[in-house]
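To start, the structure under review is shown below, and the notes come after it.
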Amino acid sequence: MITALTAVGALVFTGLSLNATRQQVAVAEQSQVTDRYTKAVEQLDRGGDDHLQVRLGAIYGLERLAQDSPRDQPTIIEVLSAFIRTSSPVPIIPTPQACKGEALDSTNQPLGPCRELHLCPEKPPSSDIQAALTVLGRRNAAYDNHTPVDLRGTCLRRAQLHGANLSGARLDWTNLLFADLSGADLTGATLSHTYLGDSNLTHADLSRVDLTRALLFAASLSDATLVGANLTHAELGYAKLQRANLTRADLRGADLTTAGSTPELPSADLSHANLTDARLEDSYLNRVNLTGANLSGADLTGAYHHSTNVTDVQTDAQTRGKWW
């Protein structure tokens with residue numbers, strides 16, 4: 001009996017010791033995570049060309065930290081997003097009265113007309129900003145905990161974001177001219193008033209994206225998915241939309257013929273899309289599927305329409321250029 005009790009006591013003691021050891025290890029690991037995070041943030045804050053390598057090390061250090069400690073990924077997303085926003089902001093109109101009543105971004109800077117998107121530098125993002133973009137774009141989104149990548153009001157002209165995961169990202173009032181977003185996942189993202197002219201969006205997933213008043217002039221959207229996308233009043237002159245899927249997209253007031261352009265739409269799927277008041281003059285609608293689309297008030301004057309499917313299309317007295 002005494003031997004049995006001694007054995008039980010030894011097991012209990014061993015169990016308590018193991019639990020204490022695990023707790024100590026957990027505390028030590030969390031302390032290491034905190035130290036690594038603090039060091040990386042301090043390094044990221046070092047400005048100037050002479051500290052470029054330090055900042056790059058901090059960015060990749062934060063990426064490794066997110067992999068080692070997934071629960072800290074939301075914070076790391078916020079840190080890298082803030083780094084990009086503060087390092088490459090869109091210039092702001094210097095007259096405060098012009099910005100009165102404008103919405104503010106996460107740094108309390110005005111969005112909207114106060115942002116001078118056309119004044120962004122023509123050069124591509126610096127290597128540290130591009131590195132931060134790459135890290136954000138290849139993260140494991142399963143650990144985001146509903147934390148969005150927030151890059152509103154930034155200059156990202158010619159950014160390389162091929163295949164990037166930017167689902168749910170906030171990219172309003174951002175300059176993405178000539179950017180490579182081919183194959184990117186932008187589902188549910190917001191890109192209202194964003195400059196996307198001449199950008200590469202081939203094979204990108206833009207389902208349910210908000211592109212209200214976005215500039216997509218000469219953008220390549222071939223084979224892109226825009227199911228349920230909001231393209232109201234968007235500029236799509238010269239846009240390439242071959243085989244793009246715009247099922248149930250909202251294109252009310254969208255301009256697909258700006259300055260006499262001829263947007264390419266062959267084989268695009270616009271079934272059940274809302275094209276109310278859309279401008280489609282001289283556009284190429286060859287083999288386009290317009291089944292169930294709403295063309296009330298739309299202007300199709302001079303549109304090319306070989307093998308265009310207009311089954312159950314809705315029109316009204318203001319629809320111009322109707323050929324069926």
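Not counting sequence neighbours, Arg208 has no partner by the salt bridge (Lys or Arg N to Asp or Glu O under 4.0 Å) test. Residues that satisfy the salt bridge (Lys or Arg N to Asp or Glu O under 4.0 Å) test with Arg64, not counting sequence neighbours, are Asp68. Leu215 meets the side chain to side chain contact (heavy atoms under 4.5 Å, CB included) test with Tyr195, Phe217, Glu235; sequence neighbours excluded. Residues passing the salt bridge (Lys or Arg N to Asp or Glu O under 4.0 Å) test with Asp316, sequence neighbours excluded: none.
To the nearest 0.5 angstrom, Asp180 atom CG is 5.0 Å from Asn200 atom CG. From His272, atom NE2 reaches atom OG1 of Thr247 across 8.0 Å, with rounding to the nearest 0.5 Å. How far CG of Leu161 is from CG of Leu181: 5.0 Å, rounded to the nearest 0.5 Å. Considering CD of Gln242 and OG of Ser267, their distance stands at 8.5 Å, rounded to 0.5 Å. One finds the CG atom of Leu176 at 10.5 Å from the CG atom of Leu216 (value rounded to the nearest 0.5 Å). The CG atom of Leu206 sits 4.5 Å away from the CG atom of Leu226 when rounded to the nearest 0.5 Å.
With hydrogens and angles left out, the side-chain atoms of Asn245 and Thr225 include no donor and acceptor closer than 3.5 Å. Checking Thr276 against Asn274 by side-chain atom types alone, a donor-acceptor pair falls below 3.5 Å. With 3.5 Å as the limit, one finds no donor-acceptor pair spanning the side chains of Ser192 and Asp210. At a cut-off of 3.5 Å, with distance as the only test, a side-chain donor of Thr134 or Gln130 sits close to an acceptor on the other residue.
Pairs of residues two or more places apart, or lying in two chains, never qualify as disulfide bond (SG atoms under 2.5 Å apart) while including a residue from residues 293-324. The stretch residues 120-140 participates, sequence neighbours left out, in these salt bridge (Lys or Arg N to Asp or Glu O under 4.0 Å) pairs: Arg55-Asp128, Glu63-Arg138, Arg139-Asp144. Contacts classified as salt bridge (Lys or Arg N to Asp or Glu O under 4.0 Å) and involving residues 284-312 (residues at least two apart or in different chains) are given here: Asp299-Arg320. Applying the salt bridge (Lys or Arg N to Asp or Glu O under 4.0 Å) test to every pair with at least one member in residues 191-206, sequence neighbours left out, gives no pairs at all. For residues 221-234, the set of pairs meeting the salt bridge (Lys or Arg N to Asp or Glu O under 4.0 Å) definition, not counting sequence neighbours, comprises Asp223-Arg243. Listed by first and then second residue, the ring pair (Phe, Tyr, Trp, His ring centres under 6.0 Å) pairs that reach into residues 305-324 are His305-Trp323, sequence neighbours excluded. For residues 292-324, there are no disulfide bond (SG atoms under 2.5 Å apart) pairs, not counting sequence neighbours. Sequence neighbours left out, the pairs with a member in residues 132-185 that pass disulfide bond (SG atoms under 2.5 Å apart) are Cys120-Cys155.
Not one N or O on the side chain of Ser69 forms a donor-acceptor pair closer than 3.5 Å with the backbone of Leu65. Under a 3.5 Å cut-off, the side chain of Thr174 and the backbone N or O of Asp172 do form a donor-acceptor pair. With hydrogens and angles disregarded, no donor-acceptor distance shorter than 3.5 Å links the side chain of Glu78 to the backbone of Thr147.
Under a cut-off of 6.0 angstrom, the local environment of CG in Asp49 is sparse, with at most 12 non-hydrogen atoms contributed by other residues, nucleotides or ligands. Within 6.0 Å of the NE2 atom in His162, the count of heavy atoms belonging to other residues, nucleotides or ligands does not exceed 12. Residue-environment remark: CG (Asp45) stays at or below the threshold of 12 foreign heavy atoms within 6.0 Å.
Taking all atoms of both residues into account, the shortest heavy-atom contact from Ser296 to Thr315 is OG-C, 4.1 Å. Nearest approach of Pro74 to Asn145, heavy atoms of both residues: CG-CB, 3.8 Å. Shown here for Leu166 and Ala189, the closest heavy-atom pair between the two residues is O-CB, 3.8 Å.
Asp150 has a carboxylate O that lies under 4.0 Å from a charged side-chain N of Arg152, or vice versa, which qualifies the two as a salt bridge.
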Audit row: Asp72, Tyr143, side chain to side chain contact (heavy atoms under 4.5 Å, CB included) steps and yes/no: CA-CA 9 Å; Asp72 292 304; Tyr143 300 111; over 6 Å; no
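Val79 and Tyr60 fall within the same hydrophobic cluster, where Ile, Leu, Val, Met, Phe, Trp and Tyr residues are linked whenever their side-chain heavy atoms come under 4.5 Å apart, directly or through other members. Taking hydrophobic clusters as Ile, Leu, Val, Met, Phe, Trp and Tyr residues chained together by side-chain heavy-atom distances below 4.5 Å, Val54 does not share a cluster with Leu56.
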